[in-house]
Amino acid sequence: MPEAPVPPVSPVTADDVQYAVRLAAAALRGVEQGADWDGKAGSLEWSCRETVEHLADDLFAYAAQLGPEHPPSDREVPFVWRRERPGGPANVVFADRAAGVAGLVQVLEASGALLTAMVRTTAPSVRSHHVFGASDPEGFAAMGVVETLVHLHDVAAGLGVEWAPDAGLCGRALARLFPDAPNDTARWPTLLWATGRGELPGHARRTEWRWYGAPRGERLDGADGC
């Protein structure tokens with residue numbers, strides 16, 4: 001008897017990026033006053049504040065990769081990255097510490113809006129460099145969603161707040177970037193597992209991980225699985 005076809009998963013869109021960043025901003029604004037933003041973000045070596053800055057920088061960088069008239073095929077757009085301390089994240093984007101948490105969240109929102117706009121206005125045929133494979137606007141949207149969801153998990157762990165994002169959002173990002181992930185498990189725990197941040201029954205914990213940025217049909221690494 002033939003297997004039933006797997007229903008198609010909706011693509012990751014600019015609206016998904018906007019939604020993920022809005023969820024993140026709302027969660028960060030809900031953190032109690034007096035929380036230690038300089039404490040470690042979960043299992044990372046960065047502080048909670050540094051991790052939010054890194055997230056904003058990721059969103060900015062993905063937007064920038066789609067920006068040039070001829071996007072680069074072999075490198076990142078050559079901004080200057082720097083670290084504010086040894087071991088800290090190398091960023092282009094930093095928030096003015098004097099602006100407090102409100103300013104930090106605004107920086108995140110602004111970077112998210114840039115990626116949202118670029119995904120919404122860039123032709124689907126455009127390809128640009130990423131270390132995990134040249135990608136299209138949907139791929140960069142999915143990267144932005146994954147970065148937002150998992151880094152908010154890191155920050156939430158550091159600040160002791162709840163963070164459990166929408167299963168549909170997680171599912172669309174998983175389908176786009178992690179074709180080797182199981183599709184019969186809860187979506188949020190599976191995304192945490194796929195990014196080396198959690199256990200998944202029946203599957204060994206990942207100590208190394210990557211995503212697959214190339215659109216389906218263009219992958220050269222055998223990662224077009226379910």
Side-chain angles (χ1 to χ4, degrees), residues 12 14-64 79-119 141-173 186-199:
V12 183
D15 288 342
D16 286 327
V17 178
Q18 184 178 61
Y19 177 48
V21 173
R22 284 178 174 174
L23 289 176
L28 295 175
R29 287 196 177 101
V31 174
E32 293 184 3
Q33 288 189 353
D36 183 11
W37 288 82
D38 290 319
K40 285 178 60 175
S43 62
L44 303 183
E45 293 301 318
W46 302 333
S47 72
C48 293
R49 177 185 178 82
E50 287 173 333
T51 302
V52 176
E53 286 182 326
H54 166 77
L55 170 56
D57 190 77
D58 280 337
L59 300 176
F60 167 82
Y62 297 155
F79 293 99
V80 174
W81 282 268
R82 64 178 178 85
R83 303 180 192 274
E84 288 201 324
R85 65 170 181 86
N91 295 351
V92 174
V93 174
F94 293 92
D96 182 355
R97 184 173 282 270
V101 174
L104 180 64
V105 175
Q106 279 191 333
V107 168
L108 174 62
E109 289 178 315
S111 291
L114 291 174
L115 180 57
T116 298
M118 290 307 304
V119 171
M143 294 177 209
V145 168
V146 169
E147 295 279 8
T148 301
L149 300 185
V150 302
H151 280 314
L152 255 291
H153 167 78
D154 300 330
V155 172
L159 295 174
V161 299
E162 293 294 323
W163 174 248
D166 178 89
L169 186 63
C170 296
R172 290 190 291 280
R187 299 294 78 191
W188 175 227
T190 303
L191 183 58
L192 291 176
W193 169 83
T195 56
R197 287 171 168 81
E199 307 283 348

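In this structure, the separation between CG on L192 and CZ on R187 is 11.5 Å, given to the nearest 0.5 Å. Note that CG of L115 and CD of E147 are 10.5 Å apart. Values are rounded to the nearest 0.5 Å.
Every residue meeting the side chain to side chain contact (heavy atoms under 4.5 Å, CB included) condition with V31, not counting sequence neighbours, appears here in chain and number order: A35, W37, L159, V161. Residues passing the ring-ring contact (aromatic ring centres under 6.0 Å, His included) test with F94: none are found, sequence neighbours excluded. Remark: E199 pairs with R205 by the side chain to side chain donor-acceptor pair (under 3.5 Å) rule, at least two apart or across chains. Residues that satisfy the side chain to side chain donor-acceptor pair (under 3.5 Å) test with D58, not counting sequence neighbours, are H54. A search for side chain to side chain donor-acceptor pair (under 3.5 Å) contacts involving D15 returns R120, not counting sequence neighbours. Qualifying side chain to side chain contact (heavy atoms under 4.5 Å, CB included) partners for A186, counting only residues two or more places apart in sequence or in other chains: P189. Every residue was checked against the side chain to side chain donor-acceptor pair (under 3.5 Å) condition with R49, not counting sequence neighbours, and none meets it. For A142, the side chain to side chain contact (heavy atoms under 4.5 Å, CB included) criterion is met by V12, R176, L177, not counting sequence neighbours. Taking the side chain to side chain contact (heavy atoms under 4.5 Å, CB included) definition, one finds that A110 meets it with nothing, sequence neighbours left out.
Within the structure, salt bridge (charged side-chain N to carboxylate O under 4.0 Å, His left out) pairs that include any residue of residues 85-114 comprise R29-E109, D38-R97, E50-R85 (at least two apart or interchain). The list of salt bridge (charged side-chain N to carboxylate O under 4.0 Å, His left out) pairs with a residue in residues 151-161, not counting sequence neighbours, reads D154-R197. Residues in residues 155-172 take part in these salt bridge (charged side-chain N to carboxylate O under 4.0 Å, His left out) pairs, two or more places apart or across chains: D16-R172.
Of all the heavy atoms in G88 and W46, the pair that sits closest is C-NE1, 3.7 Å. Taking both residues in full, the closest heavy atoms of A14 and V119 are given as N-CG1, 3.8 Å, listed atom of the first, atom of the second, then distance. Pairing each heavy atom of A20 with each of T148, the nearest pair is O-CG2, 3.5 Å. For the residue pair G112 and V17, the shortest heavy atom distance occurs at O-CG1, 4.0 Å.
Counting only heavy atoms from C-beta outward, the side chains of V21 and L59 approach each other to under 4.5 Å. Under the 4.5 Å side-chain criterion, counting only non-hydrogen atoms from C-beta, H151 is in contact with L44. With contacts defined as side-chain heavy-atom distances shorter than 4.5 Å, the pair L191/V146 qualifies. At a threshold of 4.5 Å between non-hydrogen side-chain atoms, the residues V93 and E53 do not count as touching. By the 4.5 Å heavy-atom criterion applied to side chains, V105 and V52 are not counted as neighbours. Two residues are said to be in side-chain contact when any heavy atoms from C-beta on lie closer than 4.5 Å; Y62 and L114 fail this criterion. Side-chain contact between W188 and W163 is present, with heavy atoms from C-beta onward closer than 4.5 Å.
Remark: side-chain polar atoms of S111 are not paired, donor with acceptor, to backbone N or O of L108 under 3.5 angstrom.
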Under the side-chain contact (heavy atoms from CB on, under 4.5 Å) criterion, do N91 and R82 qualify, and how do the steps go? CA-CA 6 Å; N91 295 351; R82 64 178 178 85; over 6 Å; no
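Residue C170 is tested with T190, L149, V150 for a side-chain contact (heavy atoms from CB on, under 4.5 Å); the sole match is L149.
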